[in-house]
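The basis for the numbers below is simple: all heavy atoms, side chains too, and nothing from hydrogens, waters or symmetry mates.
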Amino acid sequence: MMSGTAPPANKKLAGLVAATFTPFNDHGEINLSVIGPYIDYLTEKQGVKNIFVNGTTGEFASLTVAERMSLAEDWCQKAKGKMDHVILHIGCSSLNDSLELARHAQRLQPDGIAAISPSFFKPATAEALRMFLHKVAAAAPDIPFYYYHLPAVTGVKILARDVLDGIETLIPTFRGIKFSSTDLLDFGRCVSLSQPQWSLLYGVDEQLLGALPLGAQGAVGSTYNYLGSHFNKLLSGYESCDLTQAKTIQFKVQDFICFAMKKRFDVGVNKQVMEQMSGLTLGPPRLPVMPCTVEHAQTIVHKLHSVFPED
């Protein structure tokens, strides 16, 4: 049996979590050979020791179940002894596909699994979404389970707070939420429901600092792949009450991301930026996400270097 990183049982998920890109080769097939160097880059260059695999940044909706299994196995195997937490995203629009991935995760024993809401046939109520999550979590009864809240992409407008209401009774393995929404009111209400064993993970990189005083204990994001060292300084500044340092870094990140979004900053562009920043060969995204030209990525990377000259 392949193992995940298996941190101590009392070690909660906290700090930065990089939402990993899925490496492809020039033919559009997954490229597992990049994963080992990718892990080393995150741990050695960015100081990031937690990863969220096969999520939105990883183009999960464009991957087959078999590909997601292969990726999960490779990430877990190569992260062993290097990463503190490997969280596998197993959410799908098909319940049966999610169950298959959950059973596979049960055999792999990662440090956690997460599921997003189905988004084609959308759950109409919080109860319906909880029932879906319950079915998925029950297929991996030994693995900590996280709800992945991303309403801007799924179109599911159910408040996260309503989904979490009573969820610990329905899902004994429930351990927290990846809250990827700008709605800090809803996030705060999730924090007010939180149990001691939960991890509240914020998922909007450009406003992380706003979520920390409300109770965010960690953050999951794509820019932590190449800005992790700076975000670690933001977290250190906040924890030491050096809000000047924390705000300076957050404002720089906002400047960079706003610039990138005006130019175009989808998964394909972000992936190319990561490639240029890290030196890793990640390949193009899968259609319908369009590839990014080197010139477009260089414009965004130039802005990043102007904001963070030390990079």
Side-chain angles (χ1 to χ4, degrees), residues 4-20 39 42-43 46-58 75 79 82-89 91 110-116 143-150 160-161 163-164 167-168 173-184 186-241 243 245-246 249-250 253 257:
T5 55
N10 61 351
K11 185 171 184 180
K12 287 177 60 174
L13 177 55
L16 297 183
V17 184
T20 57
I39 289 168
L42 289 176
T43 57
Q46 298 300 329
V48 174
K49 301 197 71 175
N50 306 297
I51 50 177
F52 189 89
V53 175
N54 291 339
T56 304
T57 303
W75 280 108
K82 295 183 176 182
M83 287 284 170
D84 290 338
H85 290 84
V86 177
I87 309 299
L88 301 179
H89 175 242
D111 306 295
I113 55 175
I116 201 169
I143 312 298
F145 181 82
Y146 300 84
Y147 167 49
Y148 179 9
H149 182 66
L150 184 61
R161 188 265 179 216
V163 178
L164 300 193
I167 200 168
E168 73 279 1
T173 55
F174 187 79
R175 291 297 179 270
I177 183 171
K178 177 184 185 291
F179 188 98
S180 296
S181 166
T182 58
D183 186 350
L184 288 174
D186 189 25
F187 180 71
R189 298 187 74 216
C190 291
V191 175
S192 71
L193 282 179
S194 181
Q195 305 295 312
Q197 69 273 24
W198 293 8
S199 293
L200 286 301
L201 309 169
Y202 197 63
V204 184
D205 308 10
E206 58 268 35
Q207 62 180 56
L208 170 59
L209 185 56
L212 292 175
L214 285 174
Q217 298 148 331
V220 185
S222 61
T223 66
Y224 307 147
N225 281 285
Y226 50 85
L227 290 177
S229 60
H230 296 291
F231 274 100
N232 275 323
K233 292 175 184 176
L234 183 155
L235 292 177
S236 296
Y238 176 76
E239 290 165 2
S240 64
C241 296
L243 291 183
Q245 173 178 304
I249 295 169
Q250 185 70 91
V253 169
I257 290 181

Rounded distance (nearest 0.5 Å) linking atom [atom1] of [X] with atom [atom2] of [Y]:
X: D111; Y: H85; atom1: CG; atom2: NE2; answer: 5.5 Å
X: R189; Y: S192; atom1: CZ; atom2: OG; answer: 6.5 Å
X: N232; Y: K49; atom1: CG; atom2: NZ; answer: 11.5 Å
X: L235; Y: S240; atom1: CG; atom2: OG; answer: 10.5 Å
X: I51; Y: D84; atom1: CD1; atom2: CG; answer: 10.5 Å

Problem - Donor-acceptor contact present, side-chain Q250 to main-chain L234, <3.5 Å - result: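 Judged by distance alone, no pair lies under 3.5 Å.
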
Exercise for the section: Look only at the side chain of D186 and the backbone of R161, and say whether a donor-acceptor pair between them is shorter than 3.5 Å. Expected result: yes

Looking at every heavy atom in both [X] and [Y], which two are closest together, and how far apart are they?
X: I177; Y: A160; value: CD1-CB, 3.7 Å
X: A79; Y: V86; value: CB-CG2, 3.6 Å
X: I116; Y: H89; value: N-NE2, 3.3 Å
X: P110; Y: L88; value: CG-CD1, 3.7 Å
X: Y224; Y: V17; value: CD1-O, 3.5 Å
X: L164; Y: W198; value: CD1-CZ3, 4.0 Å

Practice task
Mind running side chain to side chain contact (heavy atoms under 4.5 Å, CB included) on Q46 and N225 for me, showing each step along the way?
Solution key: CA-CA 7 Å; Q46 298 300 329; N225 281 285; over 6 Å; no

Any residue meeting side-chain hydrogen bond (donor to acceptor under 3.5 Å, both in side chains) with [X], in chain and number order, not counting sequence neighbours:
X: S222; answer: N270
X: T56; answer: Y148
X: N54; answer: none

Problem - Identified side chain to side chain contact (heavy atoms under 4.5 Å, CB included) counterpart of K178 within the set I87, L150, V220 - result: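 With K178 as partner, side chain to side chain contact (heavy atoms under 4.5 Å, CB included) holds for just one option, V220.
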
Handout entry: Beyond-backbone contact of H149 with V163, side-chain heavy atoms, under 4.5 angstrom
Key =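 Side-chain contact under 4.5 Å: no.
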
Problem - L16 vs N50 side-chain heavy atoms within contact, under 4.5 Å - result: no

Exercise for the section: Could you list the residues that satisfy side-chain contact (heavy atoms from CB on, under 4.5 Å) with R175, not counting sequence neighbours? Expected result: P144, Y146, Q197

Exercise for the section: For Y238, check ring-ring contact (aromatic ring centres under 6.0 Å, His included) against everything at least two apart and list the hits. Expected result: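 So Y238 forms no ring-ring contact (aromatic ring centres under 6.0 Å, His included) with any residue.
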
Listing, residues 201-215 side-chain donor-acceptor contacts under 3.5 Å, not counting sequence neighbours, or none:
residue: Y202; atom: OH; partner: S181; partner atom: O; Å: 2.9
residue: Y202; atom: OH; partner: Q207; partner atom: NE2; Å: 2.7
residue: D205; atom: OD2; partner: T223; partner atom: N; Å: 3.1
residue: D205; atom: OD2; partner: T223; partner atom: OG1; Å: 2.6
residue: Q207; atom: NE2; partner: T182; partner atom: O; Å: 3.4

Exercise for the section: List the steps, then state whether side chain to side chain contact (heavy atoms under 4.5 Å, CB included) holds for F187 with L200. Expected result: CA-CA 9 Å; F187 180 71; L200 286 301; 4.1 Å; yes

